[in-house]
Protein chains: 2
Amino acid sequence: MQREQIDQVRRFNRTVTARVGVLHDSYLGRDRSIGAARLLWEVDAHEGSDVRRLRDRLGLDSGYVSRLLRSLEADGLVTVERQERDGRVRTVRLTGAGREELATLDGRSDELACSLLEPLNEVQKARLVRSMAEVDRLLTAATVTVDAVDPDHPDARHCMGAYFAELHERLSSGYDPDLSLLPDAAGLRPPRGLLLLARLHGEPVGCGGLKLPEGAPAEIKRMWVAPGARRLGLGRRFLAELETRARGLGRTVLRLDSNGRLEAALALYRSCGYREVPAFNDEPYADHWFEKHLDDGPAA
Amino acid sequence: MQREQIDQVRRFNRTVTARVGVLHDSYLGRDRSIGAARLLWEVDAHEGSDVRRLRDRLGLDSGYVSRLLRSLEADGLVTVERQERDGRVRTVRLTGAGREELATLDGRSDELACSLLEPLNEVQKARLVRSMAEVDRLLTAATVTVDAVDPDHPDARHCMGAYFAELHERLSSGYDPDLSLLPDAAGLRPPRGLLLLARLHGEPVGCGGLKLPEGAPAEIKRMWVAPGARRLGLGRRFLAELETRARGLGRTVLRLDSNGRLEAALALYRSCGYREVPAFNDEPYADHWFEKHLDDGPAA
DNA sequence: TGCATTCTCTGACTCTAGTCAGAGAACAGG
DNA sequence: CCTGTTCTCTGACTAGAGTCAGAGAATGCA
């Protein structure tokens, strides 16, 4: 990585933690501890979430979270009840008062935002906001992790389910997985294949599979990115990672089939060096087929 | 301010405090408290600074700073000695060990920077760094305060001294304030005029004066921005603020003289709606004269 | 010289944000 | 039914980051 880039990031970190970080805490924590505020935020973001999930998402100690919840409960901001299905698990829900409290916290966030923008003129404001959006987007992208998982993992199932649902919605013909040539779970498990899963803050936000048939080119399958995680370059990252792994396994050719309705996907494949080829399978839902020779060019 | 802008700033704040803020602290505070690390940083930035200045810059309690200094002193990272001039004041200086410690802290900053960039591809890295630079620049700009001060205030004297020195260096003829038509301190003190001073983190970084002669147009004088604070839109901000104040005092015409060597200044005046006019005074160091009618257009 | 002020330091607190070690209920599998 | 595991909770403790009220030395000014 270049020295100049690192230095700029450091300068950014210093400026931002000094200016935003400090204010952030002082604004939010005005009469509620910032731990409690964060927890409240998290409860709101995931209605009816269980304590364990909150703990994981915030990375906090179980005892600490428990104590915070007691204090929020005492203030009437949340209710905590045992789950029907599993009596050990407890579910947290915002009350009306909790929602109000959040609204005032949001108001303070607004004040902070205004105090940052206020001294600037209109041109500067617009520029700052635009750059913040870019930083936000790219830092989020950098937070996404991509790992190989077992196709039967609940997170993987979740993504594939969402993938099928989306296909069903977007293809003119609808979509029925049973009619498709998709590999089953075993077909995406080593050594017959692999499945990459992207996670953002622990939530699954995309998947990309690779089929490794013997005596035939490797095939990319089930590339999907959750709507909320698009425009983060995740598709490109999946392709790059799949290509690297395929190359590592001695493969030199990658294939995939897709559908003309999935415009963004087609554009992605083309811009990553995939060339359209005649149909190489009978996938009923495909009307475009692509191929890439891994030594053809960079995956970037 | 627009709702959309505020929301974007809030999103930015959340992402950045979560991603950068937390890591920042955990990286820096690995075996030294982050208060101590910040103090060390500040001592380094201002060699031989006195305790009071450190306290002011970091916004900390005197007792707290004193205690932090004792601990840094005990670890051999700084030395604290009484000042010659004023025996109450104590001066802090880094030792060699302190410099080393800082270097390892910097190394951690680098690690943090890398960890932020690492998951991204080259295009994304370049974009992120560019946007960070922009955010950094504009947040810094927003941190600058502009207030009216007395022309005899040490900060004001500092700026005007720097202004003269810069003129002397840049004008082909050199510059001698005594030959110039500059107003003295009283001429920039209400009601005969006013002086605005810009400060960044408490340090003076620019000035802009207004002369308010009776029966003649108001005149802008001694506009100067410190080299380290340029490209923050400060000149524009001075002009806008001076125009607002002039308008508030019933003035409708502003004038100023300048020198062709100060290209950036001329460009600024032109882009802010100042029109070049024939010489309206005998200022020996001027070769360009400008005028603006305050109802002519926006100051933005 | 005396008095108020400035500057740094010390001692005694406080509050937040945790950590750690279990306890006890609920569940899962044999 | 027993055993081990999971999940939440409680009690006891700690470190960091300050705050507050003076004390004591040095200085400035009348």
Side-chain angles (χ1 to χ4, degrees), chain A residues 17-18 21-43 48-75 78-93 154, chain B residues 17-18 21-43 48-75 78-93 154:
Chain A
T17 49
V22 174
L23 287 178
H24 181 79
D25 294 359
S26 66
Y27 268 79
L28 281 191
R30 217 139 68 191
D31 48 25
R32 187 161 305 281
S33 83
I34 116 138
R38 283 214 298 155
L39 187 57
L40 214 50
W41 237 106
E42 205 55 45
V43 173
S49 50
D50 43 275
V51 176
R52 149 155 263 241
R53 184 173 185 178
L54 294 172
R55 220 188 303 138
D56 286 354
R57 299 245 344 178
L58 295 170
L60 299 176
D61 175 82
S62 71
Y64 184 39
V65 168
S66 176
R67 224 176 302 275
L68 285 175
L69 282 175
R70 284 306 76 67
S71 91
L72 291 178
E73 213 177 1
D75 293 354
V78 301
T79 58
V80 182
E81 311 163 345
R82 45 180 288 179
Q83 210 180 50
E84 282 297 301
R85 263 208 349 249
D86 183 339
R88 290 168 302 184
V89 177
R90 307 199 37 172
T91 307
V92 186
R93 228 170 273 282
Chain B
T17 49
V22 173
L23 287 178
H24 180 81
D25 294 359
S26 66
Y27 268 79
L28 281 191
R30 218 137 71 191
D31 47 25
R32 187 161 306 283
S33 82
I34 112 139
R38 284 214 297 156
L39 187 56
L40 214 50
W41 237 107
E42 205 55 47
V43 173
S49 51
D50 43 275
V51 176
R52 149 154 263 239
R53 183 174 184 176
L54 293 173
R55 220 188 303 139
D56 286 354
R57 298 244 345 178
L58 294 170
L60 299 176
D61 175 82
S62 71
Y64 184 39
V65 168
S66 176
R67 224 176 303 274
L68 285 175
L69 282 175
R70 284 306 77 64
S71 89
L72 291 178
E73 214 177 0
D75 293 353
V78 301
T79 57
V80 183
E81 313 162 342
R82 45 178 290 177
Q83 209 179 51
E84 282 298 299
R85 260 206 353 247
D86 183 341
R88 292 168 301 183
V89 177
R90 306 199 36 173
T91 306
V92 186
R93 228 170 274 279

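Here is the naming used below: chain letters follow the sequence lines, and residue numbers restart at 1 for every chain. Here the structure is a predicted model, which is why all the values come from computation and not from measurement. All values below were derived from every heavy atom in this structure, side-chain atoms included, with hydrogens, water molecules and symmetry-related copies excluded.
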Exercise for review: Report yes if a donor N or O on one partner sits less than 3.5 Å from an acceptor N or O on the other, where the partners are the side chain of R88(B) and the base of dT6(C); otherwise report no.
Suggested key: yes
note: L68(B), atom CG; dG18(D), atom P; distance rounded to Å ~ 9 Å
Taking NZ, NE, NH1 and NH2 as the nitrogens, is one of them in D86(B) or R88(B) under 4.0 Å from a carboxylate oxygen of the other?
yes
From CZ of R82(B) across to C1' of dC7(C) the rounded distance in Å is 12 Å
Residues A36(A) and L68(A): closest non-hydrogen pair is N-CD2, 4.0 Å
What one should report as the nearest heavy-atom pair of L69(A) and V78(A) is O-CG2, 4.3 Å
query: So, is R90(A) close to the dC7(D) phosphate, meaning a side-chain N or O under 4.0 Å from OP1 or OP2?
result: no
Under a 4.0 Å heavy-atom cutoff, the residues of residues 58-67 of chain B touching DNA chain C are S62(B), G63(B), S66(B), R67(B)
Taken to the nearest whole Å, CG/D86(B) to C1'/dT5(C) is 12 Å
| Just checking, is any N or O donor in the side chain of R70(B) or S66(B) under 3.5 Å from an acceptor N or O on the other one? | yes
Taken to the nearest whole Å, CG/L39(A) to C1'/dC9(D) is 15 Å
query: If only side-chain N and O atoms of R52(B) are considered, is one of them under 4.0 Å from the OP1 or OP2 phosphate oxygen of dT6(C)?
result: no
R70(A) atom CZ is separated from dG11(D) atom P, nearest whole Å, by 12 Å
Here the pair of heavy atoms bringing V65(B) nearest to R55(B) is CG2-CG, 3.7 Å
note: R85(B), atom CZ; dC7(C), atom C1'; distance rounded to Å ~ 14 Å
Residues L54(A) and S49(A): closest non-hydrogen pair is CD2-OG, 3.5 Å
Shortest non-hydrogen pair, Q83(A) vs D50(A), comes out as NE2-OD1, 4.5 Å
From CG of L69(A) across to P of dC7(D) the rounded distance in Å is 16 Å
Whole-Å distance, L54(B) CG to dC7(C) P, equals 14 Å
